[in-house]
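Down below is the structure, laid out as structure tokens.
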Amino acid sequence: RGPGAVAPDLAGRHVVISAGGTREPLDPVRFLGNRSSGKQGYALARTAVARGARVTLVAANAALPDPAGADLVRVTTASELREAVLKAAADADAVVMAAAVADFRPAARAESKIKKVPGRDPDPIALVRNPDILAELSSAKTPGRVVVGFAAETDDVLANGRAKLAAKGCDLLVVNQVGEDRAFGAEENEAVLLAADGGETPVPHGPKEALADEIWDAVARLLRGASA
Ligand code: CTP
Ligand code: CA
């Protein structure tokens, strides 16, 4: 497939993509966050629009230009992201969870700025778990809807990825290795697509658009299989 000659293989499909990184407030001026830039999720939105899909992009704290042709929903926290994704997912053919969702949030949000007190050590920050949106989407799965997760791993990347795919119950897991120049904030990415049916597709180092197109190839294949 050459540039400018994109097959509209997602025409008539509604796809939902989450992107960026959630922020969990501690007080009016501080939050717990992560390093996700949102670039991979935005690349997924642009490429899905190019392939003819109706696209809902649920973006958490990404400082990136709005992707033309996509419905953009901005959120801050994991619970806002969950609400927006579940709402948009109601009539979706595919949901791709590219966002880095905070696993935990502060148990309480201080109404006023937390001040330091001379001579006193800070209080520890109590955390509680956030809901696992991907697991929720996968367990309450509508037949025919494709659910895709992402995982950034270290150490035995493939073994960790396989275990996570099984635990989450999604159809596809995009696994990348975290390290220098990889994944967070970078322009390029390198990954392995793990499928629930045992399939394993390595995607060489390249632009995030190229990885996005590989993901849509796999999603389109699963959607065709589901409606056949
Ligand atoms: N995810 C989610 N809700 C959460 C946490 C993660 O939907 N509360 C999604 C992410 O968007 C991603 C996938 O789950 O698509 C995997 O995220 P990851 O952090 O790698 O998985 P965890 O199950 O949180 O495992 P870990 O303990 O390794 O962080
Ligand atoms: Ca996590």
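Just so you know, these numbers come straight off a predicted model, no measurement behind them. For ligands, and for the atoms within them, numbers begin at 1 and follow the listed sequence.
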Rounded to the nearest 0.5 Å, the CD atom of Glu24 sits from the CG atom of Leu32 at a distance of 7.5 Å
| task | Please check if any side-chain donor atom of Asn176 sits under 3.5 Å from a side-chain acceptor atom of Glu153, or the reverse. | result | no
Of all heavy-atom pairs linking Leu172 and Ala218, the shortest is CD1-CB, 3.7 Å
Any protein N/O atoms within less than 3.5 Å of an N/O atom in ligand 1? List the atom names and distances, or say none.
from     : atom 1 : to     : atom 2 : distance (Å)
ligand 1 : 3 (N)  : Ile133 : N      : 3.1
ligand 1 : 7 (O)  : Ile133 : N      : 3.3
ligand 1 : 7 (O)  : Leu134 : N      : 2.7
ligand 1 : 8 (N)  : Pro131 : O      : 2.8
ligand 1 : 11 (O) : Met97  : O      : 3.4
ligand 1 : 11 (O) : Ala99  : O      : 2.7
ligand 1 : 14 (O) : Lys168 : NZ     : 3.2
ligand 1 : 15 (O) : Met97  : O      : 2.7
ligand 1 : 15 (O) : Phe150 : N      : 2.9
ligand 1 : 15 (O) : Phe150 : O      : 3.3
ligand 1 : 20 (O) : Lys164 : NZ     : 2.6
ligand 1 : 21 (O) : Lys164 : NZ     : 3.1
ligand 1 : 23 (O) : Lys168 : NZ     : 2.8
ligand 1 : 24 (O) : Asp103 : OD1    : 2.9
ligand 1 : 25 (O) : Lys164 : NZ     : 3.2
ligand 1 : 28 (O) : Lys164 : NZ     : 2.8
ligand 1 : 29 (O) : Asp103 : OD2    : 3.3

Taking Phe150 as the starting point, is it possible to reach Leu173 by hopping between hydrophobic residues whose side chains are less than 4.5 Å apart? no
Please table the atom pairs, donor to acceptor, closer than 3.5 Å between any side-chain atom in residues 56-85 and protein atoms at least two apart or in another chain.
from  : atom 1 : to     : atom 2 : distance (Å)
Thr56 : OG1    : His14  : NE2    : 2.8
Asn61 : ND2    : Gly21  : O      : 2.7
Asn61 : ND2    : Thr76  : O      : 3.2
Asp66 : OD1    : Arg74  : NH2    : 2.9
Thr77 : OG1    : Glu80  : N      : 3.1
Glu80 : OE1    : Thr76  : N      : 2.7
Glu80 : OE1    : Thr77  : N      : 3.4
Arg82 : NE     : Glu136 : OE1    : 3.0
Arg82 : NE     : Glu136 : OE2    : 3.2
Arg82 : NH2    : Glu136 : OE2    : 2.7

> Can you get from Leu137 to Val174 by hopping between Ile, Leu, Val, Met, Phe, Trp and Tyr side chains that sit under 4.5 Å apart?
Replying inline: no
